[in-house]
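Below is one structure; the comments refer to it alone.
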Amino acid sequence: MNTALIREQFPILHQEINGHPLVYLDNAATSQKPLAVIEAIKHYYEFDNSNVHRGVHTLGSRATDAYEGAREKVARFLEIQYTIKHQQKKRECDELAKKLSRPLFVYITYADLLCASVCEAQGDYQQALEYTYAYTDLDWVLETDEDTLYWLNLYKDWAQCNSYIYKLLSGDTSVLPDYVEYIAKSKVDKEMVTKILNVLLAANQYQLDIDDILRRFETIINSFTQKMQPSSDMYTSQVIPEQYARFGYELAYYYLYRGSYGDGFKHLMYAMVQSHIINNETYFINCMGLFVKFRTHAVPEFKEEFLNLIEKVWLNNVEKNGSSDRRS
């Protein structure tokens, strides 16, 4: 190995510290960058800086193409490493495996999982489905150890669930019965709200009658409105409450547009309270708009409850912003 040639690629090493050439050993904290990386990042910020997978303008397209190109190169590199790994002797394979926190195939396929999630957030369900197909068939994975089998089962479940979701949200409602059965067989955990939420999203978008499905999962749905226990887990404390708020809004939307005003306004109030608790302004405004749309069908008691909540939110904002209610 020509260490001098390697050092030459790292500009930061072209200096002396205390009269000696810099030798950097703190890679666990911060890895230094070779000139090729520095120039690539410099070019990106000078010419292509934009949101990857979000911007639809020229810069956004160039940034996305650069990102996808890099991702594909890394994926090919990892595939080569995977092949080499299985051409080595068993002892060498075991030594390499010990250096990784997860099986090697996870690093190859996780990029597709992440890209599918990005496309889902953008509403591009067809592209999300294409990325999902990329990690659906994992027959090429050769390891059979316990850790690998654990991750293979995770990917199998993710692929099945996400395939149903992306097809359903793309308009292929024929998968709804299979997806419902998948949900019914799933473990009742914090992901359940997201799974049933997808059914609601499809029902509201494609005007589906899901009354029987909602009755089937009534006990689980009712549990969503119960007070959550405090959690130090960021996903449980932040993401799940947001999903509850969105679920309440979509459920209210479904019932109100089907003329079930009692159930609709009940879930609308829950969604508004939840949106206020998590300080989600978008959801709160959406709930207000839905109330205005159907206000003529609201009973006086709900109208009063609605107005009291609006006043409470207003007073909280006044206090938070350091103003005062001068006329109270």
Would you say the side-chain atoms of [X] pair up with the backbone N or O of [Y], donor to acceptor, closer than 3.5 Å?
| X | Y | value |
| --- | --- | --- |
| Arg62 | Phe47 | yes |
| Arg295 | Val292 | yes |
| Ser260 | Leu256 | no |
| Asp137 | Tyr133 | no |
| Tyr179 | Lys195 | yes |
| Arg246 | Ala271 | no |
| Tyr283 | Gln274 | no |
| Gln207 | Gln205 | yes |
| His14 | Glu8 | yes |
| Tyr261 | Val299 | no |

Minimum side-chain heavy-atom gap [X]-[Y] below 4.5 Å:
| X | Y | answer |
| --- | --- | --- |
| Leu152 | Phe105 | yes |
| Leu201 | Leu168 | no |
| Thr148 | Thr144 | no |
| Leu268 | Lys266 | no |
| Pro11 | Gln32 | no |

Might you work through the side-chain contact (heavy atoms from CB on, under 4.5 Å) test for Tyr135 and Asn162, ending with a clear yes or no? CA-CA 11 Å; Tyr135 65 81; Asn162 290 334; 3.0 Å; yes

Would one find more than 12 heavy atoms of other residues, nucleotides or ligands at under 6.0 Å from atom [atom1] of [X]?
| X | atom1 | value |
| --- | --- | --- |
| Lys303 | NZ | yes |
| Tyr110 | OH | no |
| Gln15 | CD | yes |

Do the ring planes of [X] and [Y] sit parallel (below 30°), tilted (30 to 60°) or perpendicular (above 60°)?
| X | Y | value |
| --- | --- | --- |
| His267 | Tyr255 | parallel |
| Phe265 | Phe291 | perpendicular |
| Phe294 | Tyr257 | perpendicular |

[X]/[Y] ion pair, N-O < 4.0 Å:
| X | Y | result |
| --- | --- | --- |
| Glu46 | Lys42 | yes |
| Arg102 | Asp147 | no |
| Lys33 | Glu39 | no |

Looking at every non-hydrogen atom in both residues, tell me the closest pair between [X] and [Y] and how far apart they are.
| X | Y | result |
| --- | --- | --- |
| Met272 | Met288 | CE-CG, 4.0 Å |
| His276 | Val313 | ND1-CG2, 3.6 Å |
| Ala63 | Ser50 | CB-O, 4.1 Å |
| Pro103 | Trp151 | CD-CD1, 3.5 Å |
| Tyr164 | Val175 | O-CG2, 3.7 Å |
| Asn198 | Leu169 | O-CD2, 3.8 Å |

Please tell me whether [X] and [Y] have a donor and an acceptor in their side chains that are separated by less than 3.5 angstrom.
| X | Y | value |
| --- | --- | --- |
| Asp157 | Tyr182 | yes |
| Tyr166 | Glu120 | yes |
| Tyr254 | Asp211 | yes |
| Asp145 | Tyr150 | no |
| Thr109 | Tyr155 | yes |
| Asp172 | Ser170 | no |

Transitively linked via ILVMFWY side-chain contacts under 4.5 Å: [X] with [Y]?
| X | Y | answer |
| --- | --- | --- |
| Tyr44 | Ile41 | yes |
| Phe10 | Ile17 | yes |
| Ile285 | Leu307 | no |
| Ile38 | Leu5 | no |
| Ile12 | Leu35 | no |

Roughly how far, to the nearest 0.5 Å, is [atom2] of [Y] from [atom1] of [X]?
| X | Y | atom1 | atom2 | result |
| --- | --- | --- | --- | --- |
| Cys287 | Leu309 | SG | CG | 9.5 Å |
| Ile210 | Thr173 | CD1 | OG1 | 12.5 Å |
| Ile310 | Glu305 | CD1 | CD | 11.5 Å |
| Asn204 | Arg258 | CG | CZ | 10.0 Å |
| Ile220 | Phe217 | CD1 | CZ | 6.0 Å |
| Leu104 | Tyr107 | CG | OH | 8.5 Å |

So Leu251 and Leu214, side-chain contact (heavy atoms from CB on, under 4.5 Å) or not? Walk me through it. CA-CA 10 Å; Leu251 191 55; Leu214 293 176; 3.9 Å; yes

Please lay out, stage by stage, how Asn286 and Tyr253 fare under the test side-chain contact (heavy atoms from CB on, under 4.5 Å). CA-CA 10 Å; Asn286 285 345; Tyr253 185 103; over 6 Å; no

With side-chain contact (heavy atoms from CB on, under 4.5 Å) as the criterion, how do Ile183 and Val199 come out once you've worked through the C-alpha distance, each side chain's angles and the decisive distance to 0.1 Å? CA-CA 10 Å; Ile183 296 173; Val199 176; 4.0 Å; yes

